[in-house]
Structures are given as C-alpha cells and as structure tokens.
*Asks:* 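Please see the structure below; I have some questions.
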Amino acid sequence: MAAALSAASMAVHAQAVPSAAAAPAATSSPQAQALHAQIDERAKAIEQKLIAWRRDIHQHPELGNLETRTAALVADHLRKLGMEVKTGVAVTGVVGLLKGGKSGPVVALRADMDALPVKEQVDLPFASKAKGMYLGKEVDVMHACGHDTHTAMLMATAEVLAGMKDQLPGSVKFIFQPAEESPANFEPDGEKIWGARQMVKEGVMANPKVDAVFGLHVSSSYPAGWIAWRPGPAMSSADQFWIDVTGKQTHGARPWSGIDPIVASAQIITGIQSIISRQSNIALEPAVVTVGAINGGNRMNIIPDKVSMIGTIRTYDEGMKKDIHKRLATTAEHIAESSGAKARVKVVELYNAVVNPPGLVAKMGPTLERVAGPGNFGLQPKSSASEDFSFYQQEAPGMFFYLGVTPKDKDPNTAPNNHSPLFYADESALIYGVRALSNMAVDYMLASQRS
C-alpha cells in the first residue's frame with residue numbers, strides 16, 4: 001500500500017455504510033447458515049496456526065520479487081491441502097486452485113507477500129532483523145505494511161475452505177502475489193511490469209476464468225477487528241513523474257550569462273499547484289500532485305546546467321488523470337520555455353484507482369456486517385493510498401476492504417501508521433480476516449447458485 005490512511009479516517013466510526021440490499025436469500029438459508037457455522041468453527045480451530053504463520057513470515061520478511069522463502073512456505077501449505085498449485089507466477093507468485101464439490105462460480109482471493117525497506121523498531125520476540133537488496137543497495141527489511149498478516153490470513157482461509165470443499169458450490173483461486181509495494185530489483189520505468197499487473201498478464205484471472213475477486217488490507221487507523229469498505233472509488237491511482245529542466249551553466253555572480261534551471265524549476269513547482277487548485281474539477285473527485293524530491297547544483301556560486309525533480313499524482317477518475325498528465329507537461333514545458341530553459345516530462349502510470357462496483361458491494365456488504373458484528377464496521381473514507389488490486393478489478397468484479405489491527409486499548413488516531421517502523425498489528429484481528437474472506441467466497445457462490 002503506497003501510503004497509510006490518515007488519522008482523520010477514524011471519523012468513519014460515525015458514518016454508516018450506505019444502505020445495502022438485504023442479504024440475498026441464498027446467504028440466509030439453512031445451507032448457508034450451516035456453512036457459516038462451519039467456517040467459524042474451522043477458523044477458531046486453526047487460529048494459533050494462523051498466528052504462528054504470521055510470526056514466522058514477519059520474522060523473515062522479503063522485498064518485492066524476492067519472496068522466495070515466503071512463496072515456498074505458501075506453496076508447500078497449498079499442496080498439503082490437495083490443491084493444484086502454480087509457482088513462479090510473476091516471478092515469485094503462487095496460485096492455488098481449490099475445486100469445490102459442486103459446480104458454480106470461480107472466486108479469487110488475493111494476498112500480497114512483500115515487505116518494505118524499513119528497519120523495525122517494535123520490541124517483539126519475532127521482530128525482523130532481516131536485510132535485503134533494494135535497487136542494488138543493502139537495506140533493513142520489515143513487514144511495515146502488514147503483508148505478513150495478509151499472507152497468513154489467506155493461508156488460513158485456504159485451510160478452512162479446503163476442509164469443506166465437498167460442500168462448496170464453486171471453486172476458489174488463492175492468489176499470493178509478489179511486489180505490491182513495487183519491485184526491489186528494478187525501478188519502474190513505464191516498460192517493465194510487476195505484481196498484480198504481471199500476474200494478470202500471465203493468466204491468473206483465467207483458466208478457469210474468475211467471476212469475482214476479493215481482497216483486504218490491514219490498517220492501523222481502525223481498532224482490531226473493525227471492518228470498513230466503500231462502494232465506488234475507494235483508493236486512488238498512483239502515477240510517478242519526472243521533470244528534467246535544462247538550462248545553461250554559468251557563474252553564480254553572472255546569472256545573465258546563463259539560463260538558471262533552479263529558478264525555472266521553482267516556478268514550475270508553483271505552477272503545478274494551480275493544476276489542482278484552478279484547472280481541475282475537484283467537485284467531481286479530489287486529486288493530488290506532489291513534488292517529492294528536487295536535485296540540482298553542487299556549489300553555492302555555480303548555476304548548474306540541469307535540475308531534476310520527481311513526484312506523484314493521485315486521482316480517482318481516469319479522465320481527470322489523463323487531463324492532469326497533459327497539463328503537467330504543458331505547465332512545465334511552457335514555464336521553462338519562458339526563461340529560455342527546456343523541460344522534459346515523463347509520467348509512468350503505476351496503479352489504477354481501486355473502484356468497488358456498487359452492485360457487488362451491495363451484495364457482499366451484509367456478509368461483512370455479519371462477520372464484523374454489530375457496531376464493528378463502517379464506511380471507509382476515500383484513501384489517497386494506492387493498491388495494485390485494481391488490476392484484478394479490470395478483469396472481474398472485485399471488492400477490496402480494510403481490517404483494523406490497532407489494539408482496542410490504543411487510540412487509532414495516534415497509532416503508528418502502515419509503513420512506519422513502529423507499525424504494530426494486533427493478532428486478535430486476524431481471525432476476522434479469515435472469516436471475512438471465507439464467508440465472502442461462500443456467500444458469493446451461494447448467491448450465484450440461486451440467481
């Protein structure tokens with residue numbers, strides 16, 4: 001997840017989930033009730049295994065496209081459950097197929113496996129001390145975004161559903177994905193692909209074709225066990241841009257003898273702000289353009305030839321995104337030209353916006369309400385974080401939701417965010433994730449069976 005939810009998102013506790021259609025009859029039938037009870041029983045029975053898996057993965061984190069140990073652990077587990085297993089998908093991804101005892105739809109459940117180049121500062125007996133290579137440099141590695149919990153929860157979900165496969169009216173595809181946080185072995189350049197996009201390209205959503213896909217992300221912004229979701233645009237797209245401004249080097253005491261790319265760059269940064277504040281219809285959807293780094297020059301009395309800057313664009317609407325890309329290039333190029341400099345702009349689209357189809361949310365919302373329990377769920381505010389789960393949603397209807405992991409005696413408004421070296425996940429929340437994923441798969445199958 002490219003950025004954590006803000007503490008302000010806790011306002012969600014006062015917001016109700018938009019009224020959804022009543023739970024389909026299929027999910028309240030005696031058959032459904034029996035399956036729900038069995039899921040709860042099986043999940044409780046393996047809760048300690050779930051926690052043990054999580055701690056093992058947390059202690060041995062691996063960066064994007066390097067998750068070999070984690071992938072081997074997952075693949076071995078799925079094989080022991082009797083599934084068809086593919087490994088090496090999108091470099092280190094693992095896919096397991098569970099065929100139910102009755103015909104029905106194919107439901108995909110997804111977990112990401114990669115960690116972050118962060119040094120852990122949480123005092124735990126299973127804290128990470130791991131090192132890894134990130135873009136050619138040795139770094140500390142930590143599961144600072146909770147992907148260890150995602151992997152463990154999906155492993156447990158696989159065991160729960162495998163134990164009742166003869167009763168399932170459909171099949172379940174378990175997708176264990178690498179590199180959601182981007183690859184550690186190369187810099188995104190607009191040409192290479194990774195993570196979910198690569199898994200889709202390699203056919204993970206086909207053979208058999210997936211009818212619906214579900215995923216979750218843990219968050220420090222909610223108390224342990226709280227479940228939050230949102231219909232429509234829920235998480236923003238993420239694009240990266242580079243702007244290189246070229247001038248003419250000269251002595252700092254004689255600026256008129258050259259062309260100053262530093263001044264031009266300062267004007268470009270100011271001009272970029274007007275793209276959102278004056279040129280974009282933010283009544284339609286919010287958007288963000290941020291310059292995150294700028295580099296140029298190496299001495300106080302030398303005006304350099306070149307200044308480089310990088311930044312990010314966050315949007316929820318595809319049309320707005322394309323328009324901002326054009327305006328970014330126009331703004332930078334024309335401002336540079338006005339001072340005699342030249343600007344070269346490059347934009348790489350990383351992840352699309354996560355958009356939960358309202359119809360699917362209305363169908364599955366009652367399932368999450370039942371799993372969370374009264375007073376333990378709410379409406380997720382729009383997040384400017386990004387997730388490559390969006391690429392699965394382009395292939396099949398998909399729903400993504402959040403699971404709170406902050407201890408209930410702690411204030412989520414002050415809890416360390418995802419990506420912090422102090423990020424902490426309360427393991428009592430994990431069984432909620434297993435029950436949610438298992439019930440969503442079963443309820444979708446049952447609803448489709450009777451539609």
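Side chains included, hydrogens not; waters and symmetry mates left out as well; all remaining heavy atoms used.
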*Asks:* How long is the span from the CG atom in Asn352 to the CD atom in Gln394, to the nearest 0.5 Å?
*Replies:* 4.5 Å

*Asks:* Mind checking what makes ring-ring contact (aromatic ring centres under 6.0 Å, His included) contact with Trp194, not counting sequence neighbours?
*Replies:* none

*Asks:* In this structure, are over 12 heavy atoms from other groups packed under 6.0 Å from Asp123 atom CG?
*Replies:* no

*Asks:* List for me each residue that meets side chain to side chain contact (heavy atoms under 4.5 Å, CB included) alongside Ala332, sequence neighbours excluded, and say none if there are none.
*Replies:* Ile243, Ile268, Ala343, Val345

*Asks:* Is the closest side-chain donor-acceptor distance between Glu62 and Thr70 under 3.5 Å?
*Replies:* yes

*Asks:* Under 3.5 Å, side chain of Ser220 to main-chain N/O of Pro416, donor-acceptor pair present?
*Replies:* yes

*Asks:* Can you tell me how far the CD atom of Glu395 sits from the OG atom of Ser390, to the nearest 0.5 Å?
*Replies:* 11.0 Å

*Asks:* In plain terms, say whether Asp76 and Lys80 are close enough for a salt bridge, that is, a side-chain N and a carboxylate O under 4.0 Å apart.
*Replies:* yes

*Asks:* Is there a donor-acceptor contact under 3.5 Å from the side chain of Tyr424 to the main chain of Val405?
*Replies:* no

*Asks:* Verify the distance criterion only: is there a donor paired with an acceptor across the side chains of Thr315 and Ser237 at less than 3.5 Å?
*Replies:* yes

*Asks:* Can you tell me if Lys209 uses its side chain to pair, donor with acceptor, with the backbone of Val106 under 3.5 Å?
*Replies:* no

*Asks:* Does Asn298, at its CG atom, have more than 12 non-hydrogen atoms belonging to other residues, nucleotides or ligands within less than 6.0 Å?
*Replies:* no

*Asks:* Ignoring hydrogens and angles, tell me if any N or O in the side chain of Glu120 forms a donor-acceptor pair with the backbone of Leu422 under 3.5 Å.
*Replies:* no

*Asks:* Should the heavy atoms of other residues, nucleotides or ligands under 6.0 Å from CD of Glu41 be counted, would the total exceed 12?
*Replies:* no

*Asks:* As an exercise, state the distance from NE2 of His217 to NE2 of His150, rounded to the nearest 0.5 Å.
*Replies:* 4.5 Å

*Asks:* Name the one of Phe391, Tyr392, Phe389 that satisfies side chain to side chain contact (heavy atoms under 4.5 Å, CB included) with Gln177?
*Replies:* Tyr392

*Asks:* Could you tell me whether Lys346 sits above the aromatic face of Phe241, with NZ or CZ closer than 6.0 angstrom to the six-membered ring centre and within 45 degrees of the axis?
*Replies:* no

*Asks:* Is there a donor in the side chain of Ser386 and an acceptor in the side chain of Arg314, or the other way round, less than 3.5 Å apart?
*Replies:* yes

*Asks:* The criterion is ring-ring contact (aromatic ring centres under 6.0 Å, His included); which residues satisfy it with His60, sequence neighbours excluded?
*Replies:* none

*Asks:* For the OG atom of Ser438 and the CZ atom of Phe214, what is their distance to the nearest 0.5 Å?
*Replies:* 12.0 Å

*Asks:* Side chains of His36 and Asp443 only: does a donor on one sit below 3.5 Å from an acceptor on the other?
*Replies:* yes

*Asks:* Looking at Asp112 and Ala179, would you say the former's side chain and the latter's main chain have a donor-acceptor pair under 3.5 Å?
*Replies:* no

*Asks:* Do Val74 and Arg69 pass the side chain to side chain contact (heavy atoms under 4.5 Å, CB included) test, and can you show the C-alpha distance, the side-chain angles, and the key distance before you say yes or no?
*Replies:* CA-CA 9 Å; Val74 167; Arg69 182 187 185 276; over 6 Å; no

*Asks:* For Met164 and Arg42, what are the C-alpha separation, side-chain angles and deciding distance, and is it a side chain to side chain contact (heavy atoms under 4.5 Å, CB included)?
*Replies:* CA-CA 9 Å; Met164 45 196 292; Arg42 290 179 178 275; 4.1 Å; yes

*Asks:* Any idea how Phe400 and Tyr402 line up, ring-wise: parallel (<30°), tilted (30 to 60°), or perpendicular (>60°)?
*Replies:* perpendicular

*Asks:* For residues Asn439 and Arg370, is any side-chain donor paired with an opposing acceptor at under 3.5 Å?
*Replies:* yes

*Asks:* If you measure only the distance, is there a donor-acceptor pair under 3.5 Å linking the side chains of Gln167 and Gln38?
*Replies:* yes

*Asks:* Could you tell me whether the side chain of Thr406 and the main chain of Pro223 form a donor-acceptor pair under 3.5 Å?
*Replies:* no

*Asks:* If I take atom CG from residue Asn418 and atom CG from residue Leu116, how far apart are they, to the nearest 0.5 angstrom?
*Replies:* 9.5 Å

*Asks:* Are Ser128 and Gln59 linked by a side-chain donor-acceptor pair shorter than 3.5 Å?
*Replies:* no

